Peer 1: 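My questions will all concern the structure given below.
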Amino acid sequence: MKRLLTATALATGVAFAGAAFTAGSAQAVDLTIVSWGGAYTASQQKAYHDPYMAANPGVTIINDDNAAEGLAKVRAQVESNNVTWDIVDMVAADAITACDEGLIMEIDPDTWLEPAPDGTPASEDFFAGTLTPGGTNCFIPQIVYSTTFGYRTDVFEGDQPSSIADVFDLEKFPGKRSLERRPINNLEWALLADGVAPADVYGMLSTDEGVARALAKLDTIKDQVVWWTKGAQPPQLLADGEVVMASAYNGRLFSAIAEKNQPIAMMWDRQIFDLDGWVVPVGVKDLEEVKKYLRFATDTQRLADQAKFISYGPARYSSAPLVGNHADLGIDMKPHMPTDPNNAATIFDFDYVWWADHRAELDEVFNTWLAK
Amino acid sequence: MTTVDDGVLRTADGVPLKRSLRRATARRRTRTFMLVVPILAFLMVTFVMPVADMLFRSVDNQIVSSVLPRTTIAIQSWDPLSEALPKEFVFEALVLDIQESFKDKTLGRAGRRLNFEKTGMTSLFRKTGRRAKLITEPSYRDQLIAVDKRWGELDTWKLIHRESDAVTESYFLSAVDLTFDESGDVSWKVEERRIYLFLFYRTLWMSALITVFCLLLGYPVAYLLATLPTRHSNLLLILVLLPFWTSLLVRTTAWIALLQSEGVLNDLMVFIGVVSEDGRLQLIHNKIGTFVAMTHILLPFMILPLYSVMKTIPPSYMRAARSLGAPPFLGFLKVYMPNTVPGIGAGCILVFILSIGYYITPALVGGQTGTFISNFIALHISETLNWGLAAALGVILLAVVLFLYFLYDRIVGVANMKLG
């Protein structure tokens, strides 16, 4: 027993000395990267962090899963001049707000980011407009995700839901639905289901009558709606049979369908694209290291790699052909991507700028409507 | 050795006893104070200062004046009731301010600040920021209006005029569903946008009801705990405390699994035939969900103070009541209950105050009818970044709590409260 103890102590000592030696040999750098946790952070770990740390032995990447409070915490850190986060994963709408407030750095894509393998500069290789959402320039997109619908395949006999109008059709498809508890997306879908042409939706929502019309359409299903607030809820509600259809992030639905084999199917009609990407808080401690990481993590191959682990579409044109099979399940990921032509036939064109203006007002209107 | 005999008591070294005593107590007092200095400093830095800073944000309004300094000064000469646009030099000041703040990346802040008051300001400022560098000579007014016709509207200028002061009341007005109308007077918001007063009201009455539920459920348990022999009561006490030590999220999620329409309780009721398969009850994602989960979560805060008070009531009181001829119930009502009032007061105030500030449980199980004002404070802190409004809502909530505490003090007396 005593010998065992001595051996353990010795081994620990050697390990410490070894660690100290490697840390001393290369310059030790800690990067705190903030993301959403769960399967999403895992996909970033495997596609970006692990290969980066393997190639740069001195760098340690620390994952922080607080992206849900990203906007508020970045503001608190910048205002108190105590920036401890290096890179933050944000959705485009939040990045617009943060950029407007001067909380995150402006980015020059062609000097910060790797060109495509064929030499196309980064500014042209990312999907058009995704580097400058809402006219801001602080955002490096990684993935395109979509908010779309999933439905139980074992509830309806005959016809299955296939269009946005079916979500609002309680006669043909009775049962509870789940929608996100906020006006964004729901008001658009309500007008689309009410027969408004996609191009007219925001023009109509800019008027009181348009908002009233959208809410009247939502009124027709209001007592059948379970409202969700966290992305993990709708797949769970579907899996439990609590609701028969639900709006959800497509990656969460994919995970429930393909990885957990739940009787759920996707309904892609009028799916709404959104972007998720990296931003850098103003006043970050080691900008050169941050840029080095971002250059690596957003190149064509890395973005394509992430799609092996989660069904979100890489934001570069040059990454799309490189998307392969799921790392564990071996299934082809292309048909599960929101950007696949079969799924993207009727995408709805989301307007960030319009929402930046109207969010404050419509939050109040929507919540008052909910409370009634 | 001469002794002065002037009737004053002195210590051996001739110092008057009174002074010596005072000195000794002062020294002791300083020593005690020095002992609590660390915790006081800690509380100052980690609690009082951040809270004070947050509360100050409810009136702080330096964004517009810091982003648009020239305009702030120039517009003071303009009378918002004059029904005429400001003079050319105000427009010039604005153009210069916008050019500069666009370069410094601070312009968006002003746009977003004003957008809380008037829809569309974010994009107006962003659009003007991009084009303002082309405006280099008079007439500034015509060129600004050419960029966007809203620069020719009185409302826009009234808004800038109003929000260029260093403090603002608009967050507080907004927090109680008021706003400024076109003539600059305070008035109700349109009916579709009135939400906060209703939410305060709902938060208060639901919290009050949760407190009542906790009292009704907790009182008998505490009584049982206090009167059983220690051997049994210890086991019961552990049962009370066990959920207390379990993660809040786990308990809340457990209630979802129990109460949802495909959940355990509904399955059971369908099985024994109380409700039909199609008539499953909606017990969660509404007020019922909030009531049940919150009552369960806050129950220990009621039971523990009650228990600690009941434990101190000698059993001989009840025996005395019986021997003087009171039937058991009357004795309980007249003798035992009045003695538990300090515990009831402590438990109720603990549960009530915890309840009105509760956030995560209503968010998860409250659906649209069972959410509290705290959920909206969280929304404005983390999503809309309207910290001013969040702070104003917080200040009002704090004021309501202090007022109720004051009422409680007048009616029951805080000195009567016993926390354990």
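Naming: A, B, ... by sequence-line order, numbering from 1 per chain. The model shown is predicted, which means the values in this text are computed figures rather than measured ones.
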Peer 1: I need the B:K105 NZ to A:L103 CG distance, nearest 0.5 Å.
Peer 2: 10.5 Å
Peer 1: Without swapping roles, check the side chain of A:E101 against the backbone of B:G108 for a donor-acceptor pair under 3.5 Å.
Peer 2: no
Peer 1: Minimum heavy-atom separation for A:A356 and B:T122, please, with both atom names.
Peer 2: O-OG1, 3.7 Å
Peer 1: How many angstroms lie between atom CD1 of B:I256 and atom CD of A:Q233, to the nearest 0.5 angstrom?
Peer 2: 7.0 Å
Peer 1: Under 4.5 Å, counting heavy-atom pairs only, tell me which of B:F198, B:W387, B:F125, B:F376 racks up the most with chain A.
Peer 2: B:W387
Peer 1: Is B:K189 in contact with chain A via its backbone, its side chain, both, or neither, using a 4.5 Å heavy-atom distance?
Peer 2: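 The side chain, not the backbone.
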Peer 1: Nearest 0.5 Å please: distance from the CG atom of A:N367 over to the CG atom of B:L199.
Peer 2: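 Separation between the atoms: 7.5 Å.
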Peer 1: Pick one of side chain, backbone, both or neither for A:T97, based on which atoms fall under 4.5 Å of a heavy atom in chain B.
Peer 2: both
Peer 1: Name the member of A:G134, A:A212, A:A98, A:S206 that forms the most heavy-atom pairs with chain B at distances under 4.5 Å.
Peer 2: A:G134
Peer 1: How far apart are the closest heavy atoms of B:S123 and A:V353, and which atoms are they?
Peer 2: CB-CG1, 4.2 Å
Peer 1: Give a yes or no on this: more than 12 heavy atoms of other residues, nucleotides or ligands lie within 6.0 Å of atom CG of A:D154.
Peer 2: yes
Peer 1: Side chain, backbone, both or neither: which part of A:L237 has an atom under 4.5 Å from a heavy atom of chain B?
Peer 2: side chain
Peer 1: Tell me which of these, A:H358, A:R181, A:R182, A:K176, has more heavy-atom pairs under 4.5 Å with chain B than the rest.
Peer 2: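 Among the listed options, the one with the most contacts to chain B is A:R181.
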Peer 1: If I take atom CG from residue A:D223 and atom CD from residue B:Q282, how far apart are they, to the nearest 0.5 angstrom?
Peer 2: 10.5 Å
Peer 1: Using every non-hydrogen atom in the two residues, find where B:S174 and A:E364 come nearest and quote the distance to one decimal.
Peer 2: OG-OE2, 4.1 Å
Peer 1: What part of A:V226 lies closer than 4.5 angstrom to a heavy atom of chain B: side chain, backbone, both or neither?
Peer 2: side chain
Peer 1: Which heavy-atom pair separates A:T368 from B:R194 by the least distance, and what is that distance?
Peer 2: CG2-O, 3.2 Å
Peer 1: What's the shortest heavy-atom distance between B:R193 and A:V365, and which atoms?
Peer 2: CG-CG2, 3.6 Å
Peer 1: For A:A76, is it the side chain, the backbone, both, or neither that has a heavy atom closer than 4.5 Å to a heavy atom of chain B?
Peer 2: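 When you check distances to chain B, atoms from both the backbone and side chain of A:A76 fall under 4.5 Å.
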Peer 1: What part of B:T384 gets closer than 4.5 Å to chain A, counting heavy atoms only: side chain, backbone, both or neither?
Peer 2: side chain
Peer 1: Please report the interatomic distance CZ(A:F366) to CD1(B:I195), rounded to the nearest 0.5 Å.
Peer 2: 10.5 Å
Peer 1: Do A:E69 side-chain atoms and B:S382 backbone N/O form a donor-acceptor pair below 3.5 Å?
Peer 2: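 A pair under 3.5 Å: no.
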Peer 1: Can B:T253 and A:Q236 be said to form a side chain to side chain contact (heavy atoms under 4.5 Å, CB included), step by step?
Peer 2: CA-CA 12 Å; B:T253 318; A:Q236 191 61 49; over 6 Å; no
Peer 1: Which bit of B:Y196 comes within less than 4.5 Å of chain A, counting heavy atoms only: side chain, backbone, both or neither?
Peer 2: side chain
Peer 1: Among B:H285, B:R112, B:R113, which residue has the highest count of heavy-atom pairs closer than 4.5 Å to chain A?
Peer 2: B:R112
Peer 1: How long is the straight-line distance from CG of A:D94 back to CG of B:L385, given to the nearest 0.5 Å?
Peer 2: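 With rounding to 0.5 Å, CG (B:L385) is 8.0 Å from CG (A:D94).
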Peer 1: With a 4.0 Å cut-off, would you call A:E79 and B:R57 a salt bridge?
Peer 2: yes
Peer 1: Considering all heavy atoms of both residues, which atom of A:L71 and which atom of B:E383 are nearest to each other, and what is their separation?
Peer 2: CD2-O, 3.6 Å
Peer 1: Most heavy-atom pairs under 4.5 angstrom with chain B, which of A:E106, A:E361, A:R75, A:R359?
Peer 2: A:R75
Peer 1: Given that the side chain runs from C-beta out, which part of A:D208 has a heavy atom under 4.5 Å from chain B: side chain, backbone, both or neither?
Peer 2: neither
